[in-house]
Each structure stands twice: as structure tokens, then as C-alpha cells.
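Okay, structure first, notes after.
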There are 2 protein chains.
Amino acid sequence: MVSRRDSAAATRRALLDAARQLLDEGGPQRVTLREVGARAELSRGAPYRHFADKESLLAAVGAESWERIADALALLQPTSSRKPAALLLEALDALMTVARVEPEVYRMMFTMPTREPEPSIRAAARAQGEFLRIVGSLVGPERAHLYGAMLLTSAHGVASMDASGHLSPQMWQTTPQAVVSALVDLLAERAD
Amino acid sequence: MVSRRDSAAATRRALLDAARQLLDEGGPQRVTLREVGARAELSRGAPYRHFADKESLLAAVGAESWERIADALALLQPTSSRKPAALLLEALDALMTVARVEPEVYRMMFTMPTREPEPSIRAAARAQGEFLRIVGSLVGPERAHLYGAMLLTSAHGVASMDASGHLSPQMWQTTPQAVVSALVDLLAERAD
DNA sequence: CACTCCAGATGACAATGTCAACTGTAGGAT
DNA sequence: ATCCTACAGTTGACATTGTCATCTGGAGTG
């Protein structure tokens, strides 16, 4: 039995999936509301029943990725086998993995309109909150903000430049992971 | 006396200026080839005499900013009054200033298509070469690559997240400058 | 069973990127 | 001086696309 609410949620999901798929195929330009509708086996105007406009649809895709990252980070808890430093690397890798696997989606996570109550901003804030917790467990709460900012922005920066091709491998003879890892090491010795 | 070549160069300049202006007013969507032509007091098809398509025009704007940064960095030479660390901060600030003053142009510097022979990529590589030189003068050539990567990507990351509003000031109680400055300090002590 | 609400479909329109065809002129060739 | 050519710039035309107004059908409600 499919209630109307469930059906609406399902089509919204289908629209988001179609948008994400198209985004990855060829960037925002490739995402056409008509094609999104077609991939969801709907008509061209269907997306307007779920999203205000194209920008909102793309923003929702980006916000969803922030949500996923926040969820993944929330699951990262220190155990006896997982040292804080390893945890931290995993957390940073969660972000950089999106940049590597879905570069266009990753770009959308930061390209979105930035009015305050935007879902993308809120989800990003939640993810950053989780991240702060992880950093704090390594370097202590008093340094968490500064070190957290250094780590997160560094991870984003290297992932972003790598994804956009502006970080030529022959020039920087290091991988994004190595850069972030070196920074973690540097900060870890200051943690004692 | 205006030769034909000079005239062509002048209109190309006018088109680039119009595009940059429109870009800053409202992002890539605001940049319409018709409006670019109008601002340059030309017709709608005029841009096609100088750029292959809209993407190329925007890419040229981004490449130009990379050129400017490369030029600015080339002028940064260590003197008795300018210590290497201060020089390094100036270099990083050159990048972050673009992000603050012309956020949309800054975004374009990294959003562009990334085929290898792209002017934007080449200009970025030049800028990064200059930057490497400055970093090397502080930490020595052997660490220049890794530390340079850490510094540049961190600057880009924090500037980018700040510009897109995904770095909420109340959460990260630090400014972009403070983040980068702290990282410079951290690396500088390792330089001895 | 009648009514309401809303997801979805469709027609229409304006904006825009893009190209083909055309025009005028600067600067060299004859 | 005259003709020719290359090319910057213009204009007409077209397909694509975002967006809205309007219409339709069926699920839920009384």
C-alpha cells in the first residue's frame, strides 16, 4: 500500500538521485530539469512540485552530501583499537573521498547559495560540529577550534584544488592524503 | 592611430572587463553574452569573435586573475626589512584577498574546465612556482614541496569555505588570516 | 458518493547560447 | 589608385531551457 505521502517522498528521492547522477555526468550544466524529470520517469515540470527551482534542487543534493558526512562522522567514536589520530584521518578522508569520487557533487556542496537558514549550511555546521569533537579528542578542547579549522580547511583546500586540476602532481609531489597526514602529524605532536 | 590589432585587443579587454564586472555582480548566471556585449558597447555576437564560447570567456577571466597573482608573487623578494615569514604571509594573503574582494571571480579561478593546456592551469602553475620559491626561502628547498602544499591548500581552503559561507564564524572563532598565520608559525619553527 | 487537495502533465513564453550569413573596413597586393 | 582579402562586428534564426499558468486525475476525507 502506497500512501500519497510515501509516493511524494519516493519521487522526491528519485528526483534527487537523477539530479545527482546528471551532476556527476557533466556538472550543473548537464542537470536540466527536463532530463531530471525524464530520468525519474516524470514530466518536465514535475521537479517544481518538490523544489522551488533548479538552484534549490542542486542545493538539496549538496545538503544531502553534508548530511551523509555528518552521519558518517557521528559514527566515528574512539575505541581501544582506534586511536584519536587515526580517527581524525578517517574523518578528513570522509570529506576528501567525496571530492575524489563525486567531484561535481563535492563542488556543489560549497557552491551553493549561502543565505543563513539554508539546509546546506546547517548540515555543514552539523558535520563540522562532529569534526570538532573528533579533533578535540586528539588535541584537547582548548585547541580544537584553531587546529580543527586548520585541518578541515586544509583537507578541503587540497581536495578542491586536486579535483579542479589546479594542483599539478608533478609540481606538488605529494598526494592530498599525504598533505593532510603530514599536518595531522604536526599537530599531533603538539597535543601532548 | 588605432591599428586593427590594437582595436581588437582593446575590445577583448573591454569584453573581459564587462564579464568580470557581471561575474562579481551575480555569479556566472549573471554573465550573459548579450549583456557582456552591451557593456562593451557592442552587439550580442561580438564575444564570439574573441572567445569560443561563454565557458572560454569565463575561463579567461579566471586565468587573468591567476596571472595577476603570479605577477604579484614574482615581485615579492626577500629584503633586509622583509623576513621570509612575512613574505610568505603576504603571498598567501594575495590569494585570500581575491577570495574576499571578488569571491565570484575567485570561484571561477578553480571552477574552470581542467583540460591540461588550459591557460588557467598554466597561469596557476606559474603562480604556484613563485609561491614555492617563497616557501623554499623560509623552510629550505627540501621541505618546500610538502610545506608549500600544506600552506597553499590551507589558504585556499579557508578562503573558499569562508567565501561560500560554509565556515560559520561563531563555530570557528578564528579568521582565515589567523588560521593561515598559525600554520605559518607552526612550520616556521620547524625551519631552523 | 461528493468534495477537496495536490502530484503530475501540458502549453506557452522569455531568456539565452550558438551559429550561419552578411557587411564594412583596414591594410596589403597589383 | 584600385582591387582583394582577412576579419571584427552585426543581424536573423533556432534549439534549449527555466519557469509559470492552467489543466487533469486520483487519493484521502466527510
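Not measured: the values here are computed from a predicted model. Residue numbers start from 1 in every chain, and the chains themselves are labelled A, B, ... in the order their sequence lines are given, proteins ahead of strands.
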Checklist entry - Taking only side-chain nitrogens and oxygens of His50(B), does any of them come within less than 4.0 Å of OP1 or OP2 of dC7(D)? => result no
Item to check | Earlier contact from the 5' end, DNA chain D, for Arg49(A) and Arg44(A) | outcome: Arg44(A)
Item to check | d(CD, Glu35(A); P, dG18(D)) in whole Å | outcome: 11 Å
Checklist entry - Are the side chain of Arg30(B) and the backbone of Asp24(B) linked by a donor-acceptor contact shorter than 3.5 Å? => result no
Item to check | Interatomic distance where CD belongs to Glu41(B) and C1' belongs to dA8(D) [whole Å] | outcome: 16 Å
Checklist entry - Between Thr11(B) and dA8(D), is there a side-chain N or O to OP1/OP2 distance below 4.0 Å? => result no
Checklist entry - Which is true for Thr32(A) with a 4.0 Å heavy-atom rule: it touches a base, it touches only sugar-phosphate, or it touches nothing? => result sugar-phosphate
Next on the checklist: Check Arg39(A) with Glu35(A), please: is the shortest side-chain N to carboxylate O separation under 4.0 Å?
Outcome noted: yes
Checklist entry - Looking for any heavy atom pair under 4.0 Å, which part of the strands does Val36(A) touch: base, sugar-phosphate only, or nothing? => result nothing
Item to check | Salt-bridge present (Arg190(A), Glu189(B); N to O < 4.0 Å) | outcome: yes
Next on the checklist: Just the rounded figure in Å: distance from P of dT18(C) to NZ of Lys54(B).
Outcome noted: 8 Å
Item to check | Nucleotide dA15(C), atom P - distance to CG of Leu22(B) in whole Å | outcome: 16 Å
Next on the checklist: Could you tell me how far apart Leu42(B) (CG) and dT11(D) (C1') are, to the nearest whole angstrom?
Outcome noted: 14 Å
Checklist entry - Quick one: Tyr48(B) OH to dG12(D) P, roughly how many Å, whole number? => result 17 Å
Checklist entry - Any donor-acceptor pair under 3.5 Å joining the side chain of Arg34(B) to the base of dG17(C)? => result yes
Checklist entry - Would you say the side chains of Ser164(B) and Arg107(B) form a donor-acceptor pair under 3.5 Å? => result no
